[in-house]
Visitor: 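I'd like to ask some things about the structure below.
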Amino acid sequence: MNTKSIVFDGSASSDGWIDLTVAIRHEMVHYPGDPGVELRQTKHLDRGDPATVSHLSLGVHTGTHVDAPVHFIGGAAGVDEFSIDAMVGPARVIKILDKEICTAQDLAAYEIREGERLLLRTNNSTRCWNVDAFVEDYAHLDVSAAKMLAERRVRMVGIDYLSIGRGPEGPEVHRILLAAGVVIVEGLDLSRVDAGFYDVVCLPLKILGGDGAPARVAVRPREAPASRRRASKAPEGTMRAVVVVPNEKKVRLVERPVPRPPGASQVLLRTVEVGICGTDREICSFEYGTPPPGATELVLGHEALAEIVDVGPEVTWARPGDLVVPTVRRPCKNPRCAACRQGRQDFCMSGEFTERGIVRADGFLCEYSIEEEQFLVPVPRVLEGVAVLVEPLTIAAKAVDVFNTIHSRFGFDVPRLRGLILGAGPVGLLGAMVFQAQGIETHVFSREAEDGARADLVRACGANYVSAGVTPLDRLSERIGKIDVVFEAVGVPEVAFGALATLAANGVLILSGVPAERDAISVDLSRWMRDIVLKNQVIFGTVNAGRSDYEDAIRRLEQFMVLFPEAVLSLLSRVSIDQAPDVLARGRGIKDVVTFAA
Ligand code: BGC
Ligand code: ZN
């Protein structure tokens with residue numbers, strides 16, 4: 001048998017794609033006990049037939065293939081249910097050549113991030129594919145590694161031989177990954193790829209309910225960092241910026257120097273658009289916000305969409321021309337803050353964090369800015385016109401993510417949930433879209449009339465609108481029933497806690513608004529406490545958002561643009577930077593957006 005043809009057959013094509021697929025051939029190596037491969041020509045031109053036609057018989061776990069949840073979990077999803085999105089996109093190849101059993105500890109050094117697609121190159125690639133017999137001592141993951149990847153919620157993990165696990169714990173390794181929704185890719189030939197960042201395409205056959213399927217898998221390197229620095233000259237001179245000067249109680253449009261070229265791990269951003277929200281308006285009324293240490297001015301703007309202009313030599317994935325949304329919060333430096341130390345500064349425990357455009361760090365309401373690559377989230381071009389909504393959407397995305405965690409504590413199924421949104425501002429309306437898209441029966445309660453523009457927008461998303469003028473909060477559940485989940489986005493304590501009266505047993509009240517300081521309000525606390533305890537209710541607050549919430553928000557926004565694009569677009573009302581101080585003083589549309597002409 002010519003074993004060579006099993007090995008990678010073809011070099012990287014001129015367009016940069018590297019095929020990682022092992023060719024399927026008659027009697028090729030397969031996992032012991034699985035069906036073998038038969039490939040025969042039932043008709044052949046050489047035999048005088050009008051065409052050559054082959055018959056192929058093989059196990060679905062042959063060669064380069066994916067495993068579906070139903071492979072190890074009864075009744076779970078088949079390979080036909082994998083989303084294309086999970087299998088196509090940025091990926092990282094990591095090389096662990098000296099380990100036969102790869103553990104969580106071996107992976108720890110790679111700082112694996114949530115949502116990553118990982119391809120693990122072991123010495124299998126050069127050892128296993130050029131022999132005919134099945135190689136028994138192939139490199140694989142152990143249970144600790146599988147648990148870690150499941151916890152990090154990686155989207156894909158690929159390995160370069162016929163199973164991700166081995167021996168008695170092999171099934172458990174599979175179950176852990178499959179239960180976490182990780183796409184397992186096995187049988188890759190990674191002998192031609194180095195560690196680094198790539199785009200991957202993995203398209204398995206759509207076998208209905210299939211427990212696996214052969215796949216064609218290829219990667220293409222993202223440009224090498226060194227060659228990435230733009231030759232085109234970086235902008236020079238000054239740029240416009242909107243600043244607040246708390247000492248003088250002024251908001252000003254000023255000229256500032258364009259930032260210097262990016263440092264090694266930084267990028268230079270050109271701002272595309274910046275959204276304005278209640279927080280910005282509070283900063284402009286000097287109730288909130290702090291300039292950077294030593295400065296008297298704070299550059300505003302935290303809801304940004306930007307394009308990368310230039311990158312430092314050590315950035316890994318960012319490229320000039322990429323569209324990105326910067327996250328808002330930056331970690332504190334306190335060594336005891338576990339949250340910031342692990343990249344979850346939205347849960348900062350010391351309170352010493354900074355927030356761009358809000359607390360102790362300049363924002364993005366200026367033409368150019370510098371940012372560390374690690375704080376940027378890439379956005380697909382198709383979302384360019386709406387991606388300025390990503391940051392406010394992360395607030396609702398994080399809230400719902402926490403809610404889903406709380407809700408999952410039940411060991412039983414709950415019929416369709418009923419949700420209530422308090423407030424029809426941008427965060428409330430985006431929250432309504434999140435609820436609605438997730439199949440929650442959604443009601444929005446706000447001040448505006450039931451025949452107003454916001455009510456129309458709510459109905460355009462398939463949700464119901466209730467005006468406070470028609471139905472006061474304490475009469476609300478008579479009209480729509482008890483509520484399983486309330487998302488508060490008004491910042492008015494009477495409204496927020498007034499909603500407790502509408503809450504069903506096991507209900508959850510999510511608070512996201514930040515009220516101004518006021519005189520104390522007196523309430524019937526013992527009634528609240530009795531209800532909360534006797535009905536297993538949960539009240540939680542949520543602020544800021546983590547990287548995974550940004551990625552989630554981007555996916556949701558894409559979904560909204562399919563479900564109710566008109567509603568999304570009608571949130572936005574654009575102004576130029578000259579009009580920014582004006583719009584900061586008094587809002588115009590639902591979500592005012594400062595747009596920077598290219
Ligand atoms: C921002 C959050 C921030 C919060 C408090 C909000 O407007 O969206 O990112 O954490 O204000 O400063
Ligand atoms: Zn905001």
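In what follows, every heavy atom counts, from backbone to side chain, and hydrogens, waters and symmetry copies are set aside. Start at 1 and go down the list; that is how both ligands and their atoms are numbered. Please read all numbers here as calculations on a predicted model, not as lab measurements.
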Visitor: For ligand 1, note which part of Ala545 has a heavy atom under 4.0 Å away: side chain, backbone, both or neither.
Guide: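 Answer for Ala545: neither.
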Visitor: One thing to verify: whether Lys333 and Glu352 come together as a salt bridge, which I'm taking to mean a side-chain N less than 4.0 angstrom from a carboxylate O.
Guide: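 A salt bridge is absent here (no side-chain N lies under 4.0 Å from a carboxylate O).
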Visitor: Would you mind running through ligand 1 and noting each atom that sits below 4.0 Å from a heavy atom of Glu391?
Guide: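 Going through ligand 1 atom by atom, the ones under 4.0 Å from Glu391 are 1 (C), 2 (C), 8 (O), 9 (O).
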Visitor: Salt bridge (charged side-chain N to carboxylate O under 4.0 Å, His left out), that's the test. Do Arg356 and Asp362 meet it? Break it down for me.
Guide: CA-CA 5 Å; Arg356 293 207 62 166; Asp362 280 333; over 6 Å; no
Visitor: Could you list the atoms of ligand 1 found under 4.0 angstrom from a heavy atom of Tyr288?
Guide: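 Going through ligand 1 atom by atom, the ones under 4.0 Å from Tyr288 are 5 (C), 12 (O).
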Visitor: Using a 4.0 Å cutoff against the non-hydrogen atoms of Thr279, which atoms of ligand 1 qualify?
Guide: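 Matching atoms, with element in brackets: 6 (C), 7 (O), 11 (O).
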Visitor: Which of these, Gln345, Arg329, Glu355, has its nearest heavy atom closest to atom 3 (C) of ligand 1?
Guide: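 Selected option, by shortest heavy-atom distance: Glu355.
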Visitor: Using a 4.0 Å cutoff against the non-hydrogen atoms of His302, which atoms of ligand 1 qualify?
Guide: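 Within the 4.0 Å cut-off of His302, ligand 1 contributes 1 (C), 7 (O), 8 (O).
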Visitor: Relative to ligand 1, is Asn544 under 4.0 angstrom through side chain, backbone, both or neither, heavy atoms considered?
Guide: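 It is both backbone and side chain that touch ligand 1.
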Visitor: So, are Arg281 and Asp592 salt-bridged, with charged N and O less than 4.0 Å apart?
Guide: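 Asp592 and Arg281: salt-bridged.
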Visitor: Which atoms of ligand 1 have any heavy atom of Val328 under 4.0 Å away?
Guide: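 Near Val328, the atoms of ligand 1 are 9 (O).
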Visitor: Do the side chains of Arg155 and Val182 get nearer than 4.5 Å, heavy atoms only?
Guide: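 No. Closest side-chain heavy atoms not under 4.5 Å.
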Visitor: Kindly check if the number of other-residue, nucleotide or ligand heavy atoms within 6.0 Å of CZ (Arg479) is above 12?
Guide: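 Yes, enclosed.
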Visitor: Identify, by atom number and element, the atoms of ligand 1 in contact range of Cys277, meaning under 4.0 Å from any of its heavy atoms.
Guide: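 Ligand 1 atoms under the 4.0 Å threshold to Cys277: 7 (O).
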Visitor: Less than 4.0 Å between a side-chain N and a carboxylate O, is that true for Glu114 and Arg152?
Guide: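 No.
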Visitor: Assess whether atom NZ of Lys147 is packed by more than 12 heavy atoms of other residues, nucleotides or ligands within 6.0 Å.
Guide: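 Result for NZ/Lys147: open.
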Visitor: Applying a 4.0 Å heavy-atom criterion (strictly less than), which segment of Glu303 is in contact with ligand 1: side chain, backbone, both, or neither?
Guide: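 It is neither; nothing of Glu303 touches ligand 1.
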